[in-house]
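Every chain is numbered from 1, with letters handed out A, B, ... down the list of sequences. Only this structure's heavy atoms are used, side chains among them; waters, hydrogens and symmetry mates stay out.
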Amino acid sequence: MQFFGGSDVSPSPPAPTAAGHNANVMYMFNRNGVCLFYREWNRPLRTLNPQQDYKLMFGLLFSLKSLTAKMDPTSADRGNLGVPQLPGQGCSFHSFRTNTYKLSFMESPSGIKIILVTDPRTGDLREALKYIYSLYVEYVAKNPLYDPGTPIRCDFFNTNLDQYVRSIS
Amino acid sequence: MDTNDSLRVASLWHSMHAISQQLSPTVGCSGIELLEADTFDLHCFQSLTGTKFFVVSEPGTQHMEALLKVIYELYTDYVLKNPFYEMEMPIRCELFDLNLSQAVQKDRVALLGR
């Protein structure tokens, strides 16, 4: 079992022409924190090297999920902060917004996390993330040559994803 | 949620706020302003000094930024101007609590009226 991906997730060459793409960056992680997929369409600022960037992103999401599970006002008994939660257990957040970007998050029952970083004015992207998950199932999970837990290198997935992201408002 | 838990949550929030600035794809990020979860929304306001105020509300509540600004004003009036208040200590000022409940109540009434 591999944690945090020792091998390099070679970021696929930036998609040609950033214009027309509505999203900035996309990440996909599995439940062990391995970054399965990273794609950027529009990222002028890069503060860390790729490996540190993935770990930081995963860590941020893990802690935010833990925080939302704890802060949930509707559930009576919440676990202590930092207790690992199963996917789907406890309240989970689906997006957060800052003044420069909006991050939308989705976790599948198998622990696959999909993250999309877009413009702050973007609307609710939960349906879009579900569609991207279905693209993942079609082109990656059903691909007999794909080894689960390793970075994704499927051309069909990349092209369909680019096409779809162009259409997100 | 007892005091210790509140402190843990607050310090966790502070770090998350800082990390979110690091991960921004463009320059000029000032941290998380709104966190949307399944059963609640969390609105955050950061003052110029870095003090963060956050409010947990029903999903989809509007105009929380205005409420946060009002709370910031109450903080400066009843806490910072209080000569007995020590900086960085938990706030135990009666007038602050009183005015805070009044402000939230007023906001709730205004919300129902909108």
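- Residue Tyr101(A) holds its OH atom at 5.5 Å from CG of Leu23(B), rounded to the nearest 0.5 Å.
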Derivation of the side-chain contact (heavy atoms from CB on, under 4.5 Å) call for Leu64(A) and Trp13(B): CA-CA 8 Å; Leu64(A) 274 179; Trp13(B) 179 255; 4.3 Å; yes

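- Pairing each heavy atom of Thr68(A) with each of Phe40(B), the nearest pair is O-CE2, 3.6 Å.
- For Tyr85(B), the OH atom counts as densely surrounded, since its 6.0 Å shell holds more than 12 non-hydrogen atoms of other residues, nucleotides or ligands.
- The NZ atom of Lys102(A) lies 7.5 Å from the CG atom of Leu34(B); values are rounded to the nearest 0.5 Å.
- Taken together through direct or relayed side-chain contacts under 4.5 Å among Ile, Leu, Val, Met, Phe, Trp and Tyr, Leu135(A) and Met28(A) form part of one hydrophobic cluster.
- A donor and an acceptor atom, one from each side chain of Glu33(B) and Thr98(A), are nowhere located under 3.5 Å apart.
- Between Met71(A) atom CE and Phe54(B) atom CZ the span is 5.0 Å, to the nearest 0.5 Å.
- Side-chain heavy atoms closer than 4.5 Å link hydrophobic residues (I, L, V, M, F, W, Y) into clusters, and following such links, even through other members, never connects Leu42(B) to Tyr72(B).
- Connection of Leu45(A) to Leu48(A) is not established within any shared hydrophobic cluster, with ILVMFWY side chains joined at heavy-atom distances below 4.5 Å, either directly or through further cluster members.
- Using a 4.5 Å cut-off between heavy atoms, Leu103(A) does not touch chain B at all.
- Contact detail for Val117(A) and Pro25(B): the closest heavy-atom pair is CG1-CG, 3.8 Å.
- Phe93(A) CZ to Glu36(B) CD: the interatomic distance, rounded to the nearest 0.5 Å, is 11.0 Å.
- To the nearest 0.5 Å, the span separating CG on Asn24(A) from OG1 on Thr26(B) amounts to 7.0 Å.
- With a threshold of 4.5 angstrom between heavy atoms, Val27(B) approaches chain A through its backbone and through its side chain.
- The hydrophobic clustering, which links ILVMFWY residues whose side-chain heavy atoms are closer than 4.5 Å, places Leu7(B) and Tyr75(B) apart.
- Taken from SG in Cys44(B) to CZ in Arg97(A), the straight-line distance is 11.5 Å, to the nearest 0.5 Å.
- With hydrogens and angles disregarded, no donor-acceptor distance shorter than 3.5 Å links the side chain of Asn99(A) to the backbone of Cys29(B).
- Val56(B) and Ile71(B) are not part of a single hydrophobic cluster, where members link through side-chain heavy atoms under 4.5 Å apart.
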